[in-house]
Amino acid sequence: MPEGHTLHRLAFELTEAFGGHAISSSSPQGRFGAGAARVDGRVLERTEAWGKHLLIDFRGLRERVHIHLGIYGSFVIAGAEQPVVGQVRWRLATGSTTADLRGPTVCELLEPEAADALIDRIGPDPLRADADPEKAWLRISSSRAPIATLLMDQRVLAGVGNVYRAELLFRHRVDPDLAGVDLDHETFTAMWADLSTLMRAGVRTGRIDTVDPEHEPEAMGRDPRVDDHGGEVYVYRRTGQPCLVCGTAVCTRVHAGRNLFWCPRCQQRR
DNA sequence: ATTCTATGTCGAA
DNA sequence: TCGACCTAGAATA
């Protein structure tokens with residue numbers, strides 16, 4: 001379930017659970033065997049998130065553990081002495097806490113220079129206080145690519161995934177096919193601020209909720225529209241269901257290999 | 001039992 | 001634009 005908010009939440013939880021503690025580290029599944037052995041017994045200092053990437057530092061070690069969950073990955077923190085169930089790429093544990101990483105696209109040790117290069121090549125992250133939205137604007141306003149493509153491009157903006165993309169476009173009534181170059185700066189500024197707020201709420205709650213109170217289905221006498229990912233949304237995976245604002249059936253299509261959802265009436269080109 | 005799907009990314013064609 | 005890859009749970013048979 002990994003968009004940027006998941007990774008920032010995870011960074012916080014891992015730092016809370018393990019920061020300052022010597023941890024035992026292993027790779028039950030085997031594919032991170034050498035890396036796991038390298039950090040075994042060391043003190044975990046901190047974990048930070050940059051977009052959808054996680055970087056973990058250990059005392060006295062130059063290399064940083066780099067994790068990217070990909071589309072299926074999960075990192076679950078639980079109590080002491082959990083049995084290993086299924087494929088666990090990396091297990092971190094203290095006497096009281098166990099964290100299991102499964103199915104990541106990336107779990108590796110990175111030299112500091114490589115970690116810096118990674119941070120350098122991704123766009124501003126709305127969850128970081130030091131992020132500069134104008135860097136994203138520079139790329140968007142100079143691109144003929146559709147805004148739906150640009151929002152998912154991690155070099156443009158880091159941390160947005162398929163749910164936040166669909167919901168952000170809906171909330172600002174932007175046509176997914178609108179070229180970046182045709183988006184106004186005012187709209188972009190509002191989208192960035194909104195995204196930052198939405199994602200911060202996501203970090204707090206661990207879910208993606210994007211529906212404003214006045215559009216909440218309960219207030220309209222209908223059933224809650226809670227998606228499988230656990231949040232309440234306007235369009236994401238609501239294909240064929242009535243738009244919460246205008247009642248038109250929500251549309252879907254595959255856009256650049258990913259499912260895109262939008263309301264054809266609310267999100268018309270202006 | 002098998003197939004499908006998923007909040008992602010990369011690299012080849 | 002397409003397939004490959006990582007995994008688990010849901011859907012289908």
Side-chain angles (χ1 to χ4, degrees), chain A residues 1-11 27-33 35-36 49-55 65-76 78 82-91 99-108 110 114 117-119 121-123 125-127 145-146 148-171 176 195 198-211 225-239 250 252-262:
Chain A
M1 349 140 161
E3 296 198 22
H5 70 300
T6 304
L7 282 299
H8 281 263
R9 185 179 172 84
L10 212 41
S27 179
Q29 176 235 36
R31 288 190 48 191
F32 187 50
W50 289 87
K52 297 171 189 167
H53 300 264
L54 213 53
L55 292 170
V65 175
H66 170 219
I67 290 166
H68 193 294
L69 293 178
I71 202 166
Y72 324 110
S74 68
F75 212 154
V76 175
Q82 301 293 315
V84 172
V85 177
Q87 303 286 305
V88 177
R89 180 79 60 86
W90 187 29
R91 166 168 284 194
D100 281 346
L101 173 66
R102 297 161 199 280
T105 293
V106 177
C107 176
E108 64 184 1
L110 279 189
L118 164 74
I119 291 165
R121 73 169 175 266
I122 60 178
D125 176 347
L127 286 174
T149 304
L150 292 166
L151 288 177
M152 293 281 280
D153 184 338
Q154 303 297 299
R155 294 166 304 183
V156 172
L157 211 145
V160 172
N162 210 11
V163 183
Y164 281 122
R165 163 177 76 173
E167 295 301 304
L168 189 67
L169 289 172
F170 178 85
R171 285 173 59 85
L195 185 58
L198 289 173
M199 292 182 78
R200 276 174 217 288
V203 175
R204 278 196 304 278
T205 62
R207 22 183 285 175
I208 301 179
D209 291 288
T210 60
V211 179
R225 313 285 176 187
V226 177
D227 185 74
D228 289 343
H229 77 277
E232 200 182 331
V233 292
Y234 282 107
V235 291
Y236 178 71
R237 283 208 277 204
R238 291 196 58 242
T239 312
V250 170
T252 188
R253 74 171 198 263
V254 175
H255 173 98
R258 307 300 303 281
N259 295 321
L260 174 66
F261 305 87
W262 79 103

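Predicted, not measured: the structure shown is a model, and the values here were computed from it. Reminder, nothing fancy here: chain letters follow the sequence lines and each chain counts from 1.
- dA13(B) and dC5(C) are spaced 14 Å apart, taking the P atom of each and rounding to whole Å.
- Separating the CZ atom of Arg155(A) from the P atom of dC10(B) is a distance of 9 Å, rounded to the nearest angstrom.
- Side-chain N/O atoms of Arg31(A) include one lying less than 4.0 angstrom from OP1 or OP2 on dC6(C).
- Rounded to a whole Å, the CZ atom of Arg91(A) is 16 Å from the P atom of dT7(C).
- Comparing the same atom, P, in dT7(B) and in dA11(C) gives a spacing of 15 Å after rounding to whole Å.
- In this structure, Tyr236(A) atom OH and dT5(B) atom C1' are separated by 10 Å, rounded to whole Å.
- Comparing the P positions of dA13(C) and dT5(B) gives a spacing of 12 Å, expressed to the nearest Å.
- The distance from atom CG of Asp153(A) to atom C1' of dT7(B) is 17 Å, rounded to the nearest whole Å.
- Using a 4.0 Å heavy-atom criterion, one finds that Gln29(A) contacts the sugar-phosphate atoms exclusively.
- As a whole-Å value, the separation of Ile67(A) CD1 from dC6(C) P is 17 Å.
- For dT7(B), one of the phosphate oxygens OP1 or OP2 lies less than 4.0 angstrom from a side-chain nitrogen or oxygen of Arg258(A).
- Between dT9(B) and Lys52(A), a contact under 4.0 Å exists linking OP1 or OP2 to a side-chain N or O.
- We find the CG-CZ distance between Leu195(A) and Arg171(A) to be 10.0 Å, quoted to the nearest 0.5 Å.
- Backbone-only engagement by Gly86(A) is indicated by non-hydrogen atom pairs under 4.0 Å involving sugar-phosphate atoms exclusively.
- Distance noted for atom C1' between dC10(B) and dA8(C): 23 Å (whole Å).
- Contact between the side-chain N/O atoms of Arg102(A) and the OP1/OP2 oxygens of dC6(C) is not found at any separation under 4.0 Å.
- As rounded to whole Å, 14 Å separates atom C1' of dT9(B) from atom CG of Leu7(A).
- One distance of note links OH of Tyr236(A) with OG1 of Thr252(A); it measures 9.5 Å at 0.5 Å rounding.
- For the pair Asn162(A) and dA6(B), the criterion of a side-chain N or O lying under 4.0 Å from OP1 or OP2 is not met.
- Taking every side-chain heavy atom of Tyr72(A) into account, dC5(C) is the closest of dT7(B), dC5(C), dT9(B).
- Side chains of Gln87(A) and Arg102(A): no donor on one and acceptor on the other come within 3.5 Å.
- Taking 4.0 angstrom as the limit, His68(A) places a side-chain polar atom (N or O) nearer than this to OP1 or OP2 of dT9(B).
- Counting to the nearest Å, the C1' atom of dT9(B) and the CD atom of Glu3(A) are 14 Å from each other.
- Note: Tyr164(A) and His5(A) have perpendicular aromatic rings, judged against thresholds of 30 and 60 degrees for the angle between ring planes.
- Considering only heavy atoms from C-beta on, His255(A) stays 4.5 Å or farther from Met152(A) through its side chain.
- One P atom belongs to dC6(C), the other to dA1(B), and the distance between them is 24 Å to the nearest Å.
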